[in-house]
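Notes to accompany the following structure.
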There are 2 protein chains.
Amino acid sequence: MNLKELANLLGLSQTTVSRALNDYPEVNEATRKRVVEAARANNYSPNNRAKGLATGRSMAIGHVIPISTQHEIVNPIFADFIAGAGQVYSANNHDMLLSMVPDLEEEATYRNMAARRSVDGVIVHGPRAHDPRISLLDELGLPFVVHGRAGQNESDYNWVDVNNSRSFQRATNFLFDLGHRRIALVNGLEDMDFARRRREGYVEALRDHGLAPDPAIMRSSEMTEEYGWKAARSMLASTNPPTAFVVSSMLTAIGVRRAIGDIGQRMGRDISVIIHDDVLSYLRNGDDIPIFTAVRSSVHHAGRLCAEMLLDIIQGHTPPPRNLLLESELVVGGSTGPLRA
Amino acid sequence: MNLKELANLLGLSQTTVSRALNDYPEVNEATRKRVVEAARANNYSPNNRAKGLATGRSMAIGHVIPISTQHEIVNPIFADFIAGAGQVYSANNHDMLLSMVPDLEEEATYRNMAARRSVDGVIVHGPRAHDPRISLLDELGLPFVVHGRAGQNESDYNWVDVNNSRSFQRATNFLFDLGHRRIALVNGLEDMDFARRRREGYVEALRDHGLAPDPAIMRSSEMTEEYGWKAARSMLASTNPPTAFVVSSMLTAIGVRRAIGDIGQRMGRDISVIIHDDVLSYLRNGDDIPIFTAVRSSVHHAGRLCAEMLLDIIQGHTPPPRNLLLESELVVGGSTGPLRA
DNA sequence: AGGCATAACCAAAGCGCTTTGGATAACATG
DNA sequence: CATGTTATCCAAAGCGCTTTGGTTATGCCT
């Protein structure tokens with residue numbers, strides 16, 4: 001069933017039917033009701049592409065998820081982020097176009113999206129410390145919101161980010177307050193912007209306590225369980241082992257916990273661990289009391305916020321650039337305790 | 001830059017330019033070359049929607065990912081599945097349209113996709129034991145491939161699935177071979193088709209060894225770490241505790257491992273664990289020797305296969321229905337060992 | 001009564017592409 | 001030479017919608 005058929009069926013013109021369905025004022029209320037009912041009864045829904053052609057808008061948002069070429073890894077937070085964003089799109093009749101591309105092919109993907117006009121805007125995932133994508137998108141004139149920040153000119157583009165440095169500074173300070181002095185950092189890949197900021201926060205806290213950062217207890221890699229295990233194992237086996245860990249993700253922390261168990265120690269009693277918790281749906285940090293002490297910030301929520309911001313910008317409600325800095329909360333779980341003498 | 005402009009620029013008709021770019025035979029080779037070069041030079045790419053309108057095809061595939069309403073959980077395997085499928089789409093110039101919807105609203109989503117003709121076909125995720133979606137999609141006339149199977153009329157629709165029952169039968173037998181007799185099952189939600197089949201395989205193996213299934217050591221729930229921990233903890237604390245576990249996912253098994261550690265035992269020495277491993281990119285089962293003994297089958301690969309099958313069907317190459325049953329491999333890691341006397 | 005808003009509707013153009021149904025010139029055929 | 005053939009190109013219709021620029025009643029005002 002298309003517009004023309006529906007219009008004929010009702011004995012009305014396509015114009016009127018179209019207007020009735022799109023809530024234009026110049027149509028009689030009784031007529032509108034009749035049209036809307038007929039549309040429902042006949043299961044009519046406007047053809048997406050035709051609508052897009054006519055309006056020049058695609059009613060779709062693009063998400064370009066980079067796949068790390070070196071490791072072929074998809075960042076596990078992205079599923080929950082997408083779920084959050086998706087809810088907002090559904091509520092606003094937008095589609096979500098997903099491209100997972102090796103990070104080297106990202107530029108081509110964005111150019112393609114712009115040229116074919118297949119989306120009205122995009123969300124940029126996983127910004128690096130210096131990210132060429134933001135100037136590219138500016139050049140292409142494609143509206144976008146970055147989940148995170150890239151180092152350059154923070155106020156020139158739209159982003160939603162967690163205050164990562166502050167977050168890790170607090171986490172580190174929390175361990176100092178418990179008496180720890182030898183605190184290790186198990187970070188994500190530091191060419192990523194978020195990881196760089198997290199290290200800054202950690203280092204800042206060390207400085208505040210008169211300590212210089214020690215490369216021997218600072219690691220950085222893709223955040224897998226295996227990595228957490230290896231990093232913790234080697235540090236724990238060293239001559240001057242840490243008594244506490246600040247860990248960038250729950251998955252990595254699970255590896256750290258395994259390494260602690262392997263040497264017969266107990267997390268929370270012998271060795272403390274504090275993590276960043278993205279509140280992933282399938283990796284909850286305990287449902288009554290938290291397993292890990294954590295600074296937490298829901299990535300699902302971030303997804304919602306990014307989507308809302310982008311739609312807002314596309315609809316021209318608010319003039320860009322828009323920025324949103326979220327603070328994380330510190331929740332205390334069973335993985336931390338006072339330094340044992 | 002659109003077709004008309006490009007045509008004017010070249011002093012050719014739109015027809016000829018369009019044909020040149022789409023590899024039609026009735027255009028001079030020299031002309032084609034000229035057109036293709038001009039297109040590249042001017043950064044021309046056909047407008048997606050216009051093309052779709054004209055051809056009646058959208059060059060897009062829909063993925064409808066159900067979000068469990070009870071638990072608000074996104075199945076963590078889906079990211080890797082999508083990554084696999086996405087590669088195939090990119091290679092074939094198709095877009096991927098993603099909808100994450102609460103499982104109750106799925107029907108509406110499919111109807112909507114069909115009515116608006118926004119996709120050429122869909123992939124069905126997470127089939128239940130009896131799933132209404134397959135008859136719905138048949139009725140809507142939307143081509144589809146199911147990742148997994150639903151109980152009904154298996155040969156009437158297209159699917160790609162792992163041989164889950166056989167897989168779990170082998171896993172259980174492996175534990176029997178090591179001398180275990182008290183073997184627990186930590187399964188996924190049994191209204192899902194895959195979980196039901198896995199239990200069948202497990203029960204089959206028990207029967208083969210003259211044992212009746214014992215509900216006291218069989219659990220079923222959403223596959224989280226927390227669930228694995230709780231399930232194992234309670235079973236291990238019972239009067240007749242299991243000496244081995246068959247676990248439906250790596251994440252859940254990580255919880256089982258935690259519970260084993262909590263009571264001062266060691267996985268692989270005191271208690272054996274065998275898992276199903278989906279080979280998730282961010283949750284690798286060790287990179288040299290496997291952490292867990294596992295029956296494994298890459299969900300990334302399944303994504304590729306589903307996508308290829310669907311495109312093939314849409315292009316009319318092969319008459320449906322098509323089915324593909326994958327066998328998993330059994331890899332031996334450090335989580336299993338002979339029954340201790 | 002004439003003039004003028006206003007409400008309610010419609011015909012047709014246009015969005016950017018593909019495709020149908022020619023047109024033209026060059027060339028071969030009988 | 002008249003007639004097919006073939007190679008190469010083109011004008012225009014059509015995909016299903018929105019939107020521009022009307023038209024036709026109807027009611028109100030002076």
[N] OP1/OP2 closer than 4.0 Å to side-chain N/O of [X]:
X      : N       : result
T31(B) : dT8(D)  : no
Y24(A) : dC10(C) : no
T16(A) : dC10(C) : yes
Y44(B) : dG16(C) : no

Can you figure out which of [options] approaches the side chain of [X] most closely?
X      : options                   : answer
N2(B)  : dC9(D), dC17(D), dG16(C)  : dG16(C)
S18(B) : dC17(C), dT18(C), dC9(C)  : dT18(C)
A54(B) : dC10(D), dC9(C), dT18(C)  : dT18(C)
N22(A) : dT18(D), dC15(D), dT19(D) : dT18(D)

Length of the line joining [X]:[atom1] and [N]:[atom2], which is rounded to integer Å:
X       : N       : atom1 : atom2 : answer
N48(A)  : dC15(D) : CG    : P     : 18 Å
M1(A)   : dC17(D) : CE    : P     : 11 Å
Q14(A)  : dA13(C) : CD    : P     : 14 Å
L12(B)  : dC17(C) : CG    : P     : 15 Å
M59(A)  : dC17(D) : CE    : P     : 15 Å
R116(B) : dG16(D) : CZ    : P     : 16 Å
K51(A)  : dC15(D) : NZ    : C1'   : 17 Å
L3(A)   : dT19(D) : CG    : P     : 12 Å

With a 4.5 Å heavy-atom cut-off, do L97(A) and S118(A) have their side chains touching?
-> yes
Answer yes or no: is there a side-chain heavy-atom contact under 4.5 Å between S281(A) and H300(A)?
-> no
How would you label the contact of R49(A) with the nucleic acid (heavy atoms, under 4.0 Å): base, sugar-phosphate, or nothing?
-> nothing
Classify the nucleic acid contact of T55(A) as base, sugar-phosphate or nothing, counting any heavy atom under 4.0 Å across all strands shown.
-> sugar-phosphate
Is the backbone N or O of R322(B) less than 3.5 Å from a side-chain atom of N158(B), with the two atoms forming a donor-acceptor pair by type?
-> yes
Salt-bridge present (E37(B), R40(B); N to O < 4.0 Å) = no
Donor/acceptor link under 3.5 angstrom from T15(B) side chain onto base of dT19(C) = yes
Closest-nucleotide 5' rank along DNA chain C - winner of N47(B) and E26(B) = N47(B)
Within a radius of less than 6.0 Å around CZ of R133(B), do more than 12 heavy atoms belonging to other residues, nucleotides or ligands occur?
-> yes
